[in-house]
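Below is one structure; the comments refer to it alone.
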2 protein chains.
Amino acid sequence: MRLTRAGEYGIRCVLHLARHGKGTLVSRKEIAVRTDVPTHFLAKIAQQLSRAGIIEILQGANGGYRLLADPSEITLLSVIEAIIGEISLNDCVGRPESCHNSTLCSVHRIWNKANQQLRATLQETDFATLASEDACCLTPFPEADGHNRPIEKK
Amino acid sequence: MRLTRAGEYGIRCVLHLARHGKGTLVSRKEIAVRTDVPTHFLAKIAQQLSRAGIIEILQGANGGYRLLADPSEITLLSVIEAIIGEISLNDCVGRPESCHNSTLCSVHRIWNKANQQLRATLQETDFATLASEDACCLTPFPEADGHNRPIEKK
DNA sequence: CGATATAAGACTAAATATATCTTATATATC
DNA sequence: GATATATAAGATATATTTAGTCTTATATCG
């Protein structure tokens with residue numbers, strides 16, 4: 001009952017892009033290094049984010065990824081569900097046909113409620129807010145030591 | 001990000017016991033058949049429920065399981081966490097040391113909030129309430145066909 | 001004591017998650 | 001157009017977790 005690593009990595013990726021803002025191209029390699037995600041794994045995750053319309057992928061020399069929307073428009077929920085599919089805390093939430101009678105089921109109702117709450121909380125959160133604060137899963141904001149500084153926008 | 005089968009089975013087990021009320025002894029076999037849980041798997045789950053103080057296990061001939069508390073005192077959260085451990089929706093929630101600085105992390109804060117909400121919702125729900133209504137994961141309440149009837153209290 | 005029922009843990013199988021590797025394709029630059 | 005660089009896409013491999021089964025031991029009733 002825990003977010004997968006792929007989901008976690010997806011958040012980190014978008015968070016890093018969000019710091020650069022909408023439209024700024026960042027290479028896969030830079031993102032991978034900064035967010036501590038294996039390069040090839042990041043590629044797969046990026047493909048999912050791309051299919052979901054969250055980022056755009058540019059191939060070729062000087063290629064990379066960039067956000068298609070303003071960070072304030074991108075919710076935590078959309079990023080997570082782009083990676084792991086729609087959240088369902090219990091099997092019967094996602095596949096009501098797995099029960100004989102889920103509409104009447106007292107347990108099912110609780111799971112539905114909890115699921116809705118969770119999705120609502122994740123939807124309330126946007127990446128502009130997240131990016132404006134520090135995050136433990138990324139290298140810190142630009143600072144004294146220099147080589148930790150994000151690449152400048154062009 | 002989904003409840004495991006063991007967790008689901010634990011709920012079914014307690015739900016079935018709750019229908020019989022606190023203290024009523026029900027054989028493992030009956031529970032297994034009624035809740036559609038493999039007998040030996042149920043045994044393992046019962047041990048966890050027992051360690052958590054939710055049920056009592058009686059060995060020997062005419063053995064079985066019984067609730068130690070009134071169903072109204074047993075929450076959905078306690079049963080689930082007896083089986084799968086404390087819920088943590090993201091790794092950093094359960095193991096803050098997995099991040100360099102989780103107290104300052106914006107993402108971490110959201111997961112904490114979501115986690116608390118989820119646990120609160122599950123804690124609000126007790127098994128008296130759940131048992132008073134139909135549940136899709138169990139054979140129905142006693143009814144016309146006869147052989148689906150719960151065993152009488154002794 | 002014998003029959004019955006669960007305990008406890010070893011063991012197996014299946015599913016899922018995680019990571020990597022390889023070949024193909026796209027783009028910038030010369 | 002040729003070359004270098006970067007990502008795409010999917011196959012493959014590994015590890016972890018989940019799910020289920022089996023065996024031997026133990027407890028209780030009658």
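Letters A, B, ... mirror the listed sequences (proteins, then strands); counts begin at 1.
- One interatomic measurement links the two molecules: CD of B/Q47 to C1' of D/dT26, which rounds to 13 Å at whole-angstrom precision.
- In this structure, A/Q59 atom CD and D/dA4 atom P are separated by 19 Å, rounded to whole Å.
- Mapping B/R51 and B/G63 onto DNA chain C via the closest heavy atom, the residue that lands nearer the 5' end is B/G63.
- Straight-line distance from the CZ atom of A/F41 to the C1' atom of D/dT12: 15 Å, rounded to whole Å.
- The minimum heavy-atom distance between A/P71 and A/K22, with the atom names listed, is CD-N, 4.0 Å.
- Residue order along DNA chain D, read from the 5' end via each residue's closest nucleotide, puts B/H40 first among B/G60 and B/H40.
- In this structure, the separation between OG1 on A/T125 and CD1 on B/I110 is 3.5 Å, given to the nearest 0.5 Å.
- Among the atoms of the strands shown, only primed sugar atoms or phosphate atoms (P, OP1, OP2) are found under 4.0 Å from some heavy atom of B/R5.
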Stepwise salt bridge (charged side-chain N to carboxylate O under 4.0 Å, His left out) test for B/E8 and B/R2: CA-CA 10 Å; B/E8 166 72 23; B/R2 187 171 295 191; over 6 Å; no
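- Along DNA chain D, the nucleotide nearest A/M1 and the nucleotide nearest B/L58 are compared for position; the residue whose nucleotide lies closer to the 5' end is A/M1.
- On a pure distance criterion of 3.5 Å, no polar donor-acceptor pair joins the side chain of A/K44 and the base of D/dG10.
- Across all strands, B/A6 comes closer than 4.0 Å only to sugar-phosphate atoms, never to a base (heavy-atom distances).
- Rounded to an integer number of Å, the gap from A/I45 CD1 to D/dA9 P is 15 Å.
- Considering only heavy atoms from C-beta on, A/Q123 stays 4.5 Å or farther from A/L76 through its side chain.
- Between A/K29 atom NZ and D/dA6 atom C1' the separation is 11 Å, expressed in whole Å.
- Per the geometry, CD belonging to B/E56 stands 11 Å off P belonging to D/dT28, to the nearest Å.
- Nearest approach of A/E81 to A/I87, heavy atoms of both residues: OE2-N, 2.9 Å.
- Out of D/dT28, D/dT26, D/dG30, the shortest distance to the side chain of B/A61 is found at D/dT28.
- Here C/dC30 sits opposite D/dG1 as a Watson-Crick or G-U wobble pair (both hydrogen-bonding atom distances under 3.5 Å).
- Taking atom CZ on A/R2 and atom P on D/dT16, their separation rounds to 15 Å, with Å as the unit.
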Working for side chain to side chain contact (heavy atoms under 4.5 Å, CB included), residues A/L122 and B/W111: CA-CA 9 Å; A/L122 298 176; B/W111 284 116; 4.2 Å; yes
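- Annotation: ring-ring contact (aromatic ring centres under 6.0 Å, His included) contacts of B/Y65 (sequence neighbours excluded): none.
- Using a 4.0 Å cutoff to heavy atoms of chain B, the contacted part of DNA chain C runs 5' to 3' from C/dT4 to C/dA10.
- Between B/Y9 and D/dA19 there is no side-chain N or O to OP1 or OP2 distance below 4.0 Å.
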